[in-house]
Each structure stands twice: as structure tokens, then as C-alpha cells.
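Every chain is numbered from 1 and lettered A, B, ... according to where its sequence line falls, protein lines coming before strand lines.
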There are 2 protein chains.
Amino acid sequence: MREPMTTAGAGDPPPESGPGTRPGSAAWWLAREQEPARPRRRRSLTLEAILDASMTLLDTRGAAALTMRNLAEALGCTQASLYRHVRNRDELVTLLVDRALGVASAAPPEGTDWAGKAAWSARLFRAHLLRHPGVASLLRGTERLGPNSLAGMEYALGLFVGAGLSPRLAAAAASSLATFVIGSVRFNLGLDASDSEESRHRRLLYRSRDATALPLLVRHADVLAEVGSDDEFEVGLTALLTGFRVLIEQEGGARD
Amino acid sequence: MREPMTTAGAGDPPPESGPGTRPGSAAWWLAREQEPARPRRRRSLTLEAILDASMTLLDTRGAAALTMRNLAEALGCTQASLYRHVRNRDELVTLLVDRALGVASAAPPEGTDWAGKAAWSARLFRAHLLRHPGVASLLRGTERLGPNSLAGMEYALGLFVGAGLSPRLAAAAASSLATFVIGSVRFNLGLDASDSEESRHRRLLYRSRDATALPLLVRHADVLAEVGSDDEFEVGLTALLTGFRVLIEQEGGARD
DNA sequence: ACCTGAACACCGTTCAAGT
DNA sequence: ACCTGAACACCGTTCAAGT
């Protein structure tokens with residue numbers, strides 16, 4: 001019933017690896033490792049060096065500063081040289097972001113159940129993104145199939161499959177959890193109620209709304225103005241994991 | 001114990017409405033409605049017209065085509081004229097996105113409980129974003145405090161507070177739900193496994209991984225390659241709502 | 001075979017000069 | 001008081017010309 005594990009079906013046409021494939025697509029990630037890594041001549045400029053420089057540019061000067069010009073300047077080469085290692089800025093960003101995601105590797109504490117481990121990893125992931133807001137602002141989903149993202153996916157799959165979910169549901173759970181973590185960072189970048197000035201202004205804003213149209217917002221303005229991304233994250237994370245637990249109990253040992 | 005409903009505290013300093021406020025912040029949204037709407041002279045070009053043109057540009061030619069030049073051309077004015085109504089492109093995007101969010105208004109079917117209504121609204125919201133991918137790609141969180149977003153927030157607050165959550169938890173729940181819906185659209189834009197070519201390539205990609213490093217990914221490649229954003233969304237949505245329900249049961253009638 | 005300078009076709013934004 | 005043309009300082013990307 002099961003296919004042989006590591007062999008691709010002989011009849012499957014390979015992905016068209018032409019330059020038309022979109023960065024981030026499965027075909028693109030596949031095609032990229034089939035290139036012969038051409039060691040024609042010792043290269044002075046390498047993709048690794050470009051990605052390193054991109055990362056420091058991103059961390060020190062923000063996402064807006066990650067331009068081909070700034071990159072070339074930092075590396076002491078011309079812009080055109082960059083296009084020898086990367087077809088696009090899009091490609092660069094896709095590679096860079098996946099690379100910057102190599103952290104979920106830190107092992108969670110032993111002795112906790114799957115939910116505890118998932119919560120721990122999610123918090124670690126979020127903390128990492130908060131420390132690197134430039135990376136967070138570049139996350140687009142195109143990194144989903146990169147090596148580091150796949151490793152994270154494998155880890156989460158292990159957690160959820162081990163807990164009793166079918167592979168299909170485990171994958172959906174893992175991916176919805178990742179979506180939530182990333183979203184809760186991205187959509188609060190630089191505009192969080194944890195900033196006391198922002199919180200104060202939100203109170204003013206809520207209070208001054210039309211109380212007949214937005215009664216709850218007006219009535220609870222003081223409380224609502226202080227609900228920030230930390231609360232959003234913790235409440236959502238707990239709810240998701242609780243929901244997964246209920247789903248597991250419902251499923252029993254069902255196959256899917 | 002409770003503050004008077006519509007009156008802002010007299011001692012609260014007003015937001016500094018100077019041009020330094022960042023688009024999307026509470027201070028910015030506040031300052032923007034305090035401007036006298038200057039009817040000095042009948043204006044030929046209005047903000048409304050700019051936003052209308054932006055929206056059609058976005059829907060017909062995509063987010064990349066939403067430039068000040070294209071906008072000016074579509075409106076038959078110069079680029080400089082646009083800056084008379086909008087300080088920034090950022091400002092334009094913030095206003096545009098909130099405006100494009102005026103849909104959660106469609107009333108969910110009667111006779112269902114809070115969770116049914118929340119699920120219905122979330123699916124409606126997602127469907128709207130899928131129909132307008134340009135809008136989805138511009139969502140950044142800066143629209144969070146705009147009039148349409150606040151209306152959506154009020155609606156969700158009503159649902160969750162009515163179900164028994166404290167205002168604080170209700171706000172966190174509402175906002176984490178919104179984050180999830182938006183994220184599940186944004187991070188799958190144009191790269192979904194529901195595309196059969198993409199799904200086929202994902203199968204090839206998963207199968208060809210190192211089976212000792214990524215055993216689950218390799219073993220369940222066929223199933224995993226077909227898990228797309230629809231599955232992610234439905235599983236995550238159900239889990240979130242289930243989690244909220246459990247939270248409500250735990251809280252009982254507690255205040256927060 | 002490799003790298004470069006210089007250009008091309010765009011951006012967002014500003015401002016002196018017009019009416 | 002309002003609007004404009006034209007510029008400024010940037011982008012990503014390409015390519016003929018060098019070595």
C-alpha cells in the first residue's frame with residue numbers, strides 16, 4: 001500500500017527547472033539543488049557571503065536598507081556581480097529568510113508533553129522573530145519549503161503525530177500554528193500597545209468613538225487599550241493547543 | 001468603579017498631531033479626524049477619488065502596480081497633487097486597506113451560537129481577502145485601528161463577551177483570530193498546494209529529502225504534499241474556537 | 001570565462017516657478 | 001491659494017565592452 005520511501009516514482013516528470021519558476025515554489029526549491037554548484041574557478045564572491053552580508057544589513061539597518069546597491073557596497077563588489085549568484089532580489093529574500101529561521105533546533109525541556117513542547121518552541125520562535133524584526137517583515141511564505149523550514153515542519157509533525165493526529169491533520173495543525181506565530185509578530189511590528197504612548201493614545205481613540213455604534217469599545221476602552229501582542233499571542237497559542245488536544249481526543253486512533 | 005462612558009479624562013494630554021506620527025498608530029488615526037476637512041475651495045481631486053482609483057488599480061493590476069505615478073495617470077493629475085491629500089504612500093496604503101475591509105458587516109445566519117457566528121465571519125473575511133489578493137498582500141497591521149477594523153473588533157468583542165469572556169480576554173481572542181485569518185491568506189498567496197502542479201512538485205521535494213533527517217516528511221510525502229491553505233485554515237479555525245470555548249468554561253463568570 | 005561600468009526604466013518625494 | 005513641471009535621490013535589472 002505504501003510507496004518505497006526514498007525513490008520518486010519513475011513516471012513523474014521532473015520539475016521544469018527553467019528560469020521561469022517562481023522563487024519559493026516547490027519546483028524552484030527542487031531546481032536549485034540540482035545545479036552542479038559549478039566550481040569552475042575559485043570564486044571570490046559566494047552565495048554564503050552574500051547571505052551573511054544581507055543578514056547583517058537586515059539586522060543593523062532594517063529591511064528597507066536591504067538593497068542590491070547597499071549589499072554590493074558592503075561586499076565591495078558591483079551590483080551586477082550579485083546577479084551571478086542570485087537571479088532576483090526575490091530569490092535573495094527567500095533564501096535569506098529560510099536561513100534566518102535556523103533556530104527552532106534548540107531542544108525544548110524534557111519531561112513535558114507534546115503541548116508543552118509545542119508551546120515552548122512557539123515562544124522561542126516568536127522571541128527569535130522579535131529579536132530580528134527585519135526578518136519578520138520579510139516573511140512571506142515563500143520560505144515554507146526551504147531546508148530550515150522543512151526541519152521545523154518535521155519537528156512539529158513529530159510532536160503532533162506522536163500525540164495521535166493523522167499526518168494530514170498534523171501537517172495542517174503545524175502549519176496553522178506557524179502561521180499564527182508569524183502573523184502575531186508581523187502584524188504588530190512597531191505598533192504594539194506595550195508601548196505606553198501608543199496605549200495611551202489607543203485609550204483616547206477608543207473613548208472618543210460613537211458609543212451607540214461601538215458600545216463595548218467605548219465602555220471598556222481602558223482595558224482594551226492595554227491589550228497588546230503579548231496577550232494576543234498567549235491567548236491564541238493556548239487556544240490553538242487546547243483545540244488540537246480536543247481534536248486528538250475526538251479522533252482517537254483514526255487514520256486519515 | 002467604572003469611568004464615565006464617553007468622556008475622555010480631562011487631564012489626558014492630546015496626541016501630538018504633528019507630521020511625525022507614524023501612519024497606523026493610534027495618534028495618527030486620532031489626528032487625522034481632527035483636521036477640519038478644509039472645504040476652502042471646491043476641490044476637483046478628493047481623497048475618496050484617490051482611494052477609489054487605488055482600489056481598482058490594486059484589483060486589476062496587483063499590488064506592485066499601485067504606484068503614485070500609475071495613480072496620478074489613472075486620475076489624470078500629477079503625482080505632486082496626490083501629496084496634497086496624503087502625506088505618504090504608507091498613509092495611502094493604511095487608509096486603503098482599512099477601507100477595503102468593510103465587509104465583515106454581512107450578518108451571519110441567526111440560530112447559531114457565538115462559535116458558529118465567529119466561524120462564519122472568519123470564512124467570509126477569508127473569502128473576501130482571497131478575492132482581493134492585492135489587499136491581502138498590503139495588510140500590515142497598520143489598519144488595525146481604522147474605522148472598519150474597529151467595527152469588526154466591536155462585532156467580535158460582542159460575540160466573545162456575550163459568550164462569557166472578560167473584555168481583556170475577548171479582545172485578545174478577537175485579535176488572535178484576525179491574525180490567524182489574515183496570516184493564513186497572506187502566507188499562502190500564489191503558492192498553494194491546491195495548485196496541482198505545485199502539489200506534484202511538493203511530493204517530489206518531500207520524497208527526495210534525507211529520510212533519516214526528515215523521516216515523517218519522506219514517509220508521508222504523498223499526503224503532506226496535498227495539505228494546502230484550505231486545510232490549514234479550517235483546522236486552525238476550529239482549534240482556535242474550540243480553545244476559546246474551553247477557556248470560557250474554565251473562566252466561568254470571572255472578571256478580568 | 002569572468003567581471004565591470006554604465007545605462008535603462010522605473011520608484012517616492014520635493015519644490016521653485018507658474019497662474 | 002492652488003497646481004504644475006521638473007528635478008532629486010534613490011530602486012532592480014541588464015548588457016555591451018573590457019580583461
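Looking at B:Arg89 and B:Leu66, their side chains come closer than 4.5 Å, going by heavy atoms from C-beta outward.
Spacing between atom CG of B:Leu71 and atom P of C:dC10 amounts to 17 Å, rounded to whole angstrom units. Taking atom CG of residue A:Leu82 and atom C1' of nucleotide C:dG5, one finds them 15 Å apart after rounding to whole Å. To the nearest angstrom, C1' of D:dG12 lies 12 Å from CG of A:Leu92. Atom CZ in B:Arg84 sits about 11 Å away from atom P in D:dA1, given to the nearest Å. Atom CG in A:Leu66 sits roughly 17 Å away from atom P in D:dC10 (whole-Å rounding). If you measure from atom CD1 of A:Ile50 to atom P of D:dG12, you get 14 Å, rounded to the nearest angstrom.
Taken to the nearest 0.5 Å, the CG atom of A:Leu95 stands 10.0 Å off from the CD1 atom of A:Ile50.
Within the 4.0 Å cut-off from OP1 or OP2 of C:dG5, not a single side-chain nitrogen or oxygen of A:Thr78 is found.
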Using a 4.0 Å cut-off on protein heavy atoms (strictly under), produce a 5'-to-3' string for nucleotides 13-19 of chain D with B for base contact, S for backbone-only sugar-phosphate contact, and - for none.
BBB----
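Remark: DNA chain C takes part in the stems C:4-8 with D:12-16, C:12-16 with D:4-8, each of 3 or more antiparallel Watson-Crick or G-U pairs, criterion distances under 3.5 Å.
Side chain of A:Ser184 to backbone of A:Phe233: no donor-acceptor contact under 3.5 angstrom is found.
Among D:dT4, C:dT4, D:dC11, the nucleotide with an atom closest to any side-chain atom of B:Ser81 is D:dT4.
Side-chain N/O atoms of A:Arg126 and A:Ser229 include a donor and acceptor closer than 3.5 Å. A:Ser199 and A:Ser196 share no side-chain donor-acceptor pair at under 3.5 Å. B:Ser176 and B:Thr179 share no donor-acceptor pair across their side chains, judged by distance under 3.5 Å alone. Counted by atom type alone, B:Arg140 and A:Ser137 present zero donor-acceptor pairs between their side chains at under 3.5 Å.
Using a 4.0 Å cut-off between a side-chain N of Lys or Arg and a carboxylate O of Asp or Glu, A:Arg144 and B:Glu198 do not qualify as a salt bridge. A salt bridge links B:Arg99 with B:Asp52; the closest basic N to acidic carboxylate O contact falls under 4.0 Å.
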